[in-house]
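Read through the structure below, which is laid out as structure tokens, and then see the notes.
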Amino acid sequence: MTDYKSTLNLPDTDFPMRGNLAQNEPKMLNNWTKDGLYQKIREACAGRPNYTLHDGPPYANGNIHIGHAVNKILKDFCIKSKTLSGFDAPYVPGWDCHGLPIENQVEKKVGKAGVKVPFGEFRQKCRDYASKQVEGQKKDFIRLGVFGDWDKPYLTMDYDTEADIIRSLAKIVDNGHLHRGFKPVYWSVVGGSALAEAEVEYHDKTSFSIDVRYAPENEAEVLDKFTAVGDGTVDASKSEGQVSAVIWTTTPWTLPSSQAISAHADLDYALVELDLSSEDDSRLGKGKERIILAEAMVEDILQRWGVEEHKVVARAKGSDLENLVFKHPFAERKIPLILGEHVTTDAGTGLVHTAPDHGMEDFVVGKEYGIGTLNLVGPNGVFAEETPEVPGQHVYKVDEPITEMLADKGRLIRQDKIRHSYAHCWRTKTPLIYRATPQWFISMAQNGLRESALEAIKGVRWVPDWGQERIEGMVDGRPDWCISRQRTWGVPLCLIVNKETEELHPRATDLMEQVAKLVEENGMQAWFDLELSELLGDEANDYVKIEDTLDVWFDSGVTHSAVMGRRDELSEPADLYLEGSDQHRGWFQSSLLTGIAMNGHAPYKAVLTHGFTVDANGNKMSKSLGNVVAPLDVINKLGSDILRLWVGSTDYRSEITVSDEILKRTADKYRRMRNTARFFLANLKGFDPKTDVVSPEDMLPLDRWAVAKTLQVQNEIKTAFDDYNFMVATNAMHHFCSFDMGSFYLDIIKDRQYTAKAGSLAHKSCQTALYHIVQAVCRWFMPVLSFTAFEIWQQIPGEKGQEIFWQTWYEGLYANADNAEMTEQDWKLIDSVKTECNKALELMRKDGKVGSSLEAEITLYASDEVANVLEKLEDELRFVLITSQAKVVRGDEGEPTEIEGLKLDIVASEHKKCDRCWHRREDVGAVESHPELCGRCVTNVEGEGEVRLYA
RNA sequence: CCCCGGAUAGCUCAUUCGGUAGAGCACAUGCCUGAUAAGCGUGAGGUGGCUGGAUCGAAACCAGCUCUGGGGACCA
């Protein structure tokens, strides 16, 4: 028996079936780094149109988590797919280096700045710490397969960046957006600093809940504003008891700063006669009295207090009560009643105790009535010595004493505890207070910043589109941006103000430029070391340096100027900013506002957001839940390409789910894609594109169909990448591999590929198709499966001379000819006929009549319509159906199928199996010298080779 | 409390106009042993969240409800 196997063209390749990604990827990375791959890509792309994705800097602290990985990988998809689309798409990664978290870390190690360590040394320690963090994160980002200028990233603490941050502020000052003011800001009494809005977290907190009496200066005057129920006059004969306005608060500690009572102009207020005495505490009430409450809330309030009997004796409109004067419950102070829109009937009494020092709305409404701040609470949360009742005490500790004291003075009505959501510091997790402090602001109104920003938002493309509404709402409603902080590790504002007037120096921004030059040389410490006399000479005595530091959001917010504006390879405005959806509040907004304030336009043309990663149950990842998926664990187990494919398979616009199950499925998907590529390569063995490529018009119709199909899918994929719709792109790739290729084209061509004479048209036509397909597919994979695409690229035959990483979309694909004998429609019908045959064959298998489909012979009874298509393939229909015989008969016999006009009759072949091609043919053994072979195999082994016309 | 989505197979998601519900994965099962730690085939499965309405006819249109995601507001 001859060994005919050696006469076959069996697939063969060095491309391994299994990627061993965890081991092999690091090797590839090493080589890439050694070769200076990123620079090579830049050189290769020189002259192409620029595409700038500006990196939002992650904070330089801690290990990278899955959210970092998702963000960087999505950016990498953009960069690489834009490169495929013919752009020069550089990527300059950055890090946000200043700020409280690093300060806290360093403080833990070396102690408090200015106490244990000099400020300058502390800053150097912070700089060292940040550098270390950057290096650690960088290593991990590189391992993700993210391409970028890792040798020359931007750091917000680079000297020249620090200098440019100062210059950016100078420009904003020049453009008239800066102002100084006292304002209540969220203040961390533990951190001793003002907080940015984005640094505020809400947690549940148990607070006091107290109702307090404010007595009128002149009772008669108050009663005069009320109209009695009944005959219209209020006098002692109809009702009795002391009169008071009642407020409710959950922050007794703000009472020392209480300066007004707010009412709503449109609300009805009732004068209620009742008895508030209580068995629990004899101090709470002493017989009949009359109190003022919002009428709509009377029932609820009395129920809360446990008072059953009451009488509404008179009522008044809120607007009638304006400017009535009350007494502070314990301080020597007059308390006017004022009107404000913020008063509601949701909770409380309808009368709001107002302390401009400690509430944003209080501050605003106070301003309208000319009531300023008292500044009784210091930076550390301790009351000033002149504070009534609680001098020198800490705000966290006075709630109880104040409540007790109110009771003693007969001002307390009821006290209780309430659990509610309350603002906390995101770092120290301690409750925040509002505190009026001198701060520097970028004004939203003073020079039309808000209007310009809202206008600019309309010119930006927001993906998904609700992003626009979101940021519009935020910009529309936000207060002025407080950019000053009282911290150590931050870029100084570098403002110089007059000691007396507190006005900026007339040449303030020129001086800032001088400082910026010093900072460029020596870093921001230069400002702190600077003697004013060096800048101002004799004038120095009249001026003082502001040593506040900038909000870190300002640092990253101005990178459009300090980084994009400085680096030649980047163009401003950027084509894309891409960050998590929390950055609508953060970086997107800080960048927008500074962009407008400095240059009058948004620093980006498009903004893309992604959601957060959650576990299979939709829970946020947290250490305490133990559901954290660490990107490096995934990489070390499955490889970067799997992690990347997961990111590429997910709808990142909302929540992104990750679990072991999902990653396992992703790995399956990867194997399918990898194996398909492997099969392409294995069948290209011996193929030399220079000499072996068959021209389109000479190719077999099935092979042309395959190329045309590939072109069609490529167009879908291009569109998907253009739309940043990576899920659709990877799905299209996977579907192409398993459906169009695996279960149709590749299955059919195995016979021809293996058995046709090597180098014959039948063989080369097929290889030509596979060659074009793998060229295209390798590029499709590249943005997502970067490592795998690189591996595939090495194995594609022929001279390529260049790396996959700067290729553009493959242009060697072509559509079917317009006048083609076999159309896309025809192949679609043939595919469904094949499905019907498979069903019928499956029944035969169940009965044990056939095993492999090659054991069967099929007669297809077809209507004219169906037959017209099937007959186009002539005898080669059997190769498409993968049976030994397929005969089309116009008629109506056989078993019906789901296709109208198609019935089938299948029998097991009685012919001998050809030892070489495994088909069962009548002519097996017809040639004496090859008793085990069928006719076509004989010509393939020692003749001209069989001729295939269609498939 | 307000606004916007979603609810379809075990899972992830499709379904252009209102006309007998569709894919992938997973599962089950068979074939092959020339893609072999692969490949191919076949199959089962669904009260389209609930209730009501207009319609010859609804998963799709309308109303209400439930659950869920996102955003906003409030948080004295």
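Convention: sequence-line order gives letters A, B, ...; per-chain numbering from 1.
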Check [Y] with [X], please: is the shortest side-chain N to carboxylate O separation under 4.0 Å?
X      : Y      : answer
A/D747 : A/K750 : yes
A/K637 : A/D660 : no
A/K834 : A/D831 : no

Below 6.0 angstrom between ring centroids: does that apply to A/H353 and A/F326?
-> no
Partner nucleotide of [N] by Watson-Crick or wobble geometry (both distances under 3.5 Å):
N      : result
B/rC65 : B/rG49
B/rC17 : none
B/rA28 : B/rU42
B/rU12 : B/rA23
B/rC1  : B/rG72

When all nucleic acid strands are considered with a 4.0 Å heavy-atom cut-off, which category describes A/N675: base, sugar-phosphate, or nothing?
-> base
Would you classify A/K846 as touching base, sugar-phosphate or nothing, given that sugar-phosphate means primed atoms plus P, OP1 and OP2, and contacts are heavy atoms under 4.0 Å?
-> nothing
Ring-face cation of A/R674 near A/F15 (centre distance under 6.0 Å, axis angle within 45°) | yes
Closest to the [X] side chain, choosing from [options]:
X      : options                : value
A/M17  : B/rU36, B/rG41, B/rC25 : B/rU36
A/H353 : B/rG39, B/rA35, B/rA76 : B/rA76
A/R671 : B/rG34, B/rA38, B/rG39 : B/rA38
A/E855 : B/rU42, B/rA35, B/rC32 : B/rC32
A/R665 : B/rG72, B/rC11, B/rG43 : B/rC11
A/W248 : B/rG24, B/rA76, B/rC40 : B/rA76

Atom [atom1] of [X] and atom [atom2] of [N]: how far apart are they, to the nearest Å?
X      : N      : atom1 : atom2 : value
A/H735 : B/rA23 : NE2   : P     : 10 Å
A/K849 : B/rC31 : NZ    : P     : 16 Å
A/L10  : B/rA35 : CG    : P     : 8 Å
A/M733 : B/rC25 : CE    : C1'   : 18 Å
A/D751 : B/rC32 : CG    : P     : 17 Å
A/K834 : B/rC40 : NZ    : C1'   : 8 Å
A/R678 : B/rG34 : CZ    : P     : 14 Å
A/D668 : B/rG24 : CG    : P     : 15 Å

So among A/R920, A/E857, A/H919, which one has a side chain to side chain donor-acceptor pair (under 3.5 Å) with A/S909?
->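 Running side chain to side chain donor-acceptor pair (under 3.5 Å) over A/R920, A/E857, A/H919 with A/S909 returns exactly one hit, A/E857.
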Interatomic distance at [atom1], [N] relative to [M], whole Å:
N      : M      : atom1 : result
B/rG70 : B/rC13 : P     : 14 Å
B/rA21 : B/rU15 : C1'   : 8 Å
B/rU42 : B/rG24 : P     : 10 Å
B/rG57 : B/rG18 : C1'   : 8 Å
B/rU16 : B/rG72 : C1'   : 34 Å
B/rG34 : B/rU29 : P     : 25 Å
B/rC61 : B/rG22 : C1'   : 22 Å
B/rA59 : B/rC75 : P     : 46 Å

Under 3.5 Å donor-acceptor pair, A/E842 side-chain atoms to B/rG41 base atoms =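 Counting by modelled atom types and ignoring angles, a donor-acceptor contact under 3.5 Å is found here.
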Side-chain donor or acceptor of A/R18 under 3.5 Å from a matching atom on the base of B/rA37?
->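 Present.
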Position toward the 5' end of RNA chain B (nearest nucleotide), A/T249 or A/S738 =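 Going by which nucleotide is closer to the 5' end, it is A/S738.
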Start at the 5' end of RNA chain B and walk down; is the nucleotide closest to A/R672 or to A/G851 reached first?
->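 In this pair, the answer is A/G851.
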Tell me whether the side-chain N/O atoms of [X] come closer than 4.0 Å to OP1 or OP2 in [N].
X      : N      : result
A/R470 : B/rG72 : yes
A/K5   : B/rG34 : yes
A/R752 : B/rG34 : no
A/S581 : B/rG71 : no
A/Y754 : B/rA35 : yes

Base of B/rC4 relative to its sugar, syn (within 90° of 0) or anti?
->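 Anti for B/rC4; the angle lies over 90° from 0.
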Can you list the steps and then say if A/R752 with A/E946 is a side-chain contact (heavy atoms from CB on, under 4.5 Å)?
-> CA-CA 10 Å; A/R752 176 156 50 101; A/E946 71 179 305; over 6 Å; no
Derivation and outcome, side-chain contact (heavy atoms from CB on, under 4.5 Å), residues A/M17 and A/R671 = CA-CA 8 Å; A/M17 179 182 286; A/R671 264 200 291 281; over 6 Å; no
Are the ring of A/W918 and the six-membered base ring of B/rG34 within the stacking cut-offs of under 5.5 Å and under 30°?
->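 Yes; by the centre-distance and plane-angle rule, A/W918 counts as stacking on B/rG34.
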